[in-house]
*Asks:* 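Sharing a structure below in structure tokens format, with a few things to ask.
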Amino acid sequence: MPELPEVEIVCRGLADAFVGHRLTGVIRRFNRLRWPIPDALEQLILGPSGAGGVLRSVERRSKYLLLGFDTGTLLIHLGMSGTLRRLAGGVPLRVHDHVDFVFGEHVLRYNDPRRFGAVLWSADTAQATASGHALFRKLGVEPLGEQFTGRLMYEATRRRATPIKQVLLSGAVVVGVGNIYASESLFRAGIRPTVAAGRIGASRYDRLAGSIRQTLLDAIAAGGSTLRDFVASTGQTGYFQLQCNVYGRTGQPCRVCGGPIRAIRQQQRATFYCPACQRA
DNA sequence: AGAATAACCTGCGTGC
DNA sequence: TGCACGCAGGTTATTC
């Protein structure tokens, strides 16, 4: 599944390919993703007169894509296994191709084998939705935004016994840090994933905030990560060459100290770290 | 309230 | 070859 960098890449790809283009149809083949796809989605997008449907903007909030139309905002989440591909008309269907958004000669095709993703509608415009939709109410700050600082993390975690890895994954403080980049960011910061969030001091949170930001920026620069089924919105299969330092490298030598990378489980999720480089 | 667990799904690799 | 099992990038609802 996509983490924030992958969603950001898709977001940019969508903006380049479809902003200013008019949606001419929605074809839905399977209705139940995480939630049901709203009834009459096509009419909602096109508006009562049927004259709407020009895509005005594409934004990202956390791992949600926000497609702004004059009538409201289409919200898309890719879950663990979702992809969006831009295809010419007439490309044969694959299994799990649940929704097509038709833009004239091209189609934006949503595929999601595990169906943890979502296609939703908000009557708000994109900007209002980003701050006001119920889905976004409890979310933390954007990791690439100015509000995200070590100080913020420090203040949000006082007296909290939860391991720092789980705090990162929860999205309540900062969003967009998924299972791969949580491990990678903590490695870069030299912090052990099991440490209680409340026991990390202000200066180490400064370092962690910088590590998170840089890890995500590096991944975006690399065009996403090396995830198996990530597909850029252009339809190009994305095997990008972001090299992980710890994720998936159990037993292999740490790229810094040469010692073996260790794997543990936290909240039923794999965590990877270097016991020597991440001592506390 | 914070924290831990279960649940939603399919696909793939592994080991018997 | 087949089958059971565990695991996978996320998020929520439920429980204590």
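All chains are named by letter (A, B, ...) in the order of the sequence lines, taking the proteins before the strands, and each is independently numbered beginning at 1.
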*Asks:* Going by number, which of residues 261-271 of chain A have a non-hydrogen atom under 4.0 Å from DNA chain C?
*Replies:* A/Arg265, A/Arg269, A/Ala270
*Asks:* Return the value, rounded to whole Å, for the distance between atom CG of A/Asp112 and atom C1' of B/dG11.
*Replies:*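 One finds 12 Å between C1' of B/dG11 and CG of A/Asp112, rounded.
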*Asks:* OP1, OP2 of C/dG10 versus side-chain N and O of A/Arg114: anything below 4.0 Å?
*Replies:*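 Checking A/Arg114 against C/dG10: no side-chain N or O falls below 4.0 Å of OP1 or OP2.
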*Asks:* Mind checking the P distance from C/dC7 to B/dT5? Whole angstroms is fine.
*Replies:*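 Roughly 15 Å separates the two P atoms.
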*Asks:* For A/Tyr64, report the nucleic acid contact type (base, sugar-phosphate, nothing); a contact means any heavy atom under 4.0 Å.
*Replies:*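 The answer is sugar-phosphate, as A/Tyr64 gets under 4.0 Å only of primed atoms, P, OP1 or OP2.
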*Asks:* Rounding to a whole Å, what distance do you find between A/Leu139:CG and C/dT11:C1'?
*Replies:* 10 Å
*Asks:* Does A/Arg160 make a side-chain donor-acceptor contact with the base of B/dA3, cut-off 3.5 Å?
*Replies:*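 Looking at the base of B/dA3, it does not pair with any donor or acceptor on the side chain of A/Arg160 (distance under 3.5 Å).
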*Asks:* In whole angstrom, give the distance that lies between atom NZ of A/Lys63 and atom P of C/dT11.
*Replies:* 4 Å
*Asks:* In this structure, how many angstroms lie between the C1' atom of C/dA8 and the CG atom of A/Leu169, rounded?
*Replies:*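 About 14 Å, once rounded to whole Å.
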*Asks:* A/Asp70: which residues meet the side-chain hydrogen bond (donor to acceptor under 3.5 Å, both in side chains) condition with it, sequence neighbours left out?
*Replies:* A/Arg56
*Asks:* Going by side-chain contact (heavy atoms from CB on, under 4.5 Å), name the residues that satisfy it together with A/Asp16, two or more places apart in sequence or in a different chain.
*Replies:*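 Counting only residues at least two positions away or on another chain, A/Asp16 forms no side-chain contact (heavy atoms from CB on, under 4.5 Å).
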*Asks:* Please report the distance separating the P of C/dT14 from the corresponding atom of B/dC9, rounded so that it comes out in whole Å.
*Replies:* 15 Å
*Asks:* Find the distance A/Lys138:NZ to C/dA13:P and express it as a whole number of Å.
*Replies:*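 Rounded to whole Å, this separation is 7 Å.
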*Asks:* Could you tell me whether A/Arg34 and A/Asp112 make a salt bridge, using a distance below 4.0 angstrom between a side-chain N and a carboxylate O?
*Replies:*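 Here A/Arg34 does not pair with A/Asp112 in a salt bridge, since their nearest N and O are not under 4.0 Å apart.
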*Asks:* Counting only side-chain nitrogens and oxygens, does A/His96 get under 4.0 Å of the OP1 or OP2 atom of B/dT10?
*Replies:*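 The answer is no; no side-chain N or O of A/His96 sits under 4.0 Å from OP1 or OP2.
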*Asks:* Among all residues two or more places apart in sequence or in another chain, which pass the side-chain hydrogen bond (donor to acceptor under 3.5 Å, both in side chains) test with A/Arg60?
*Replies:*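 Partners of A/Arg60 by the side-chain hydrogen bond (donor to acceptor under 3.5 Å, both in side chains) criterion, ordered by chain and then number, come out as A/Glu8, A/Glu142.
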*Asks:* Can you tell me which stems DNA chain B forms when a stem means 3 or more consecutive Watson-Crick or G-U pairs under 3.5 Å?
*Replies:*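 For DNA chain B the paired stretches long enough to count as stems (3 pairs minimum) are B:2-8 with C:10-16, B:10-16 with C:2-8.
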*Asks:* My understanding is that only residues two or more places apart in sequence, or in another chain, count here; which of them pass side-chain contact (heavy atoms from CB on, under 4.5 Å) with A/Gln267?
*Replies:* A/Gln166
*Asks:* For B/dA3, take OP1 and OP2 only and decide whether either is under 4.0 Å from a side-chain N or O of A/Thr162.
*Replies:* yes
*Asks:* Show every donor-acceptor pair shorter than 3.5 Å between a side-chain atom in residues 47-55 of chain A and any protein atom, with sequence neighbours excluded, or say none if there are none.
*Replies:*
from	atom 1	to	atom 2	distance (Å)
A/Ser49	OG	A/Ala51	N	3.2

*Asks:* Is A/Phe116 stacked on the base of B/dC8, with ring centres under 5.5 Å apart and planes under 30° apart?
*Replies:*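 Whether judged by distance or by angle, A/Phe116 passes, so it stacks on the base of B/dC8.
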*Asks:* Report yes if a side-chain nitrogen or oxygen of A/Gln166 is closer than 4.0 Å to either non-bridging phosphate oxygen (OP1 or OP2) of B/dA4; otherwise report no.
*Replies:*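 Yes, A/Gln166 has a side-chain N/O under 4.0 Å of OP1/OP2 on B/dA4.
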*Asks:* Taking only residues two or more places apart in sequence, or in another chain, which ones meet A/Arg213 in a side-chain hydrogen bond (donor to acceptor under 3.5 Å, both in side chains)?
*Replies:*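 None.
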*Asks:* Assign each of A/Arg159 and A/Arg34 to its nearest nucleotide of DNA chain B by heavy atoms, then name whichever residue's nucleotide is nearer the 5' end.
*Replies:*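 The answer here is A/Arg159.
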*Asks:* Mind listing the side-chain donor-acceptor pairs of residues 152-163 of chain A below 3.5 Å, one per line with the distance, residues two or more places apart or on another chain?
*Replies:*
from	atom 1	to	atom 2	distance (Å)
A/Glu155	OE2	A/Arg151	NE	3.0
A/Thr157	OG1	A/Met153	O	2.7
A/Thr157	OG1	A/Tyr154	O	3.1
A/Thr157	OG1	A/Tyr205	OH	3.2
A/Arg158	NE	A/Tyr154	O	2.8
A/Arg158	NH1	A/Gly198	O	3.1
A/Arg158	NH2	A/Ile200	O	2.8

*Asks:* Can you give me the closest heavy-atom contact between A/Ser62 and A/Val175, atom names plus distance?
*Replies:* OG-CB, 3.5 Å
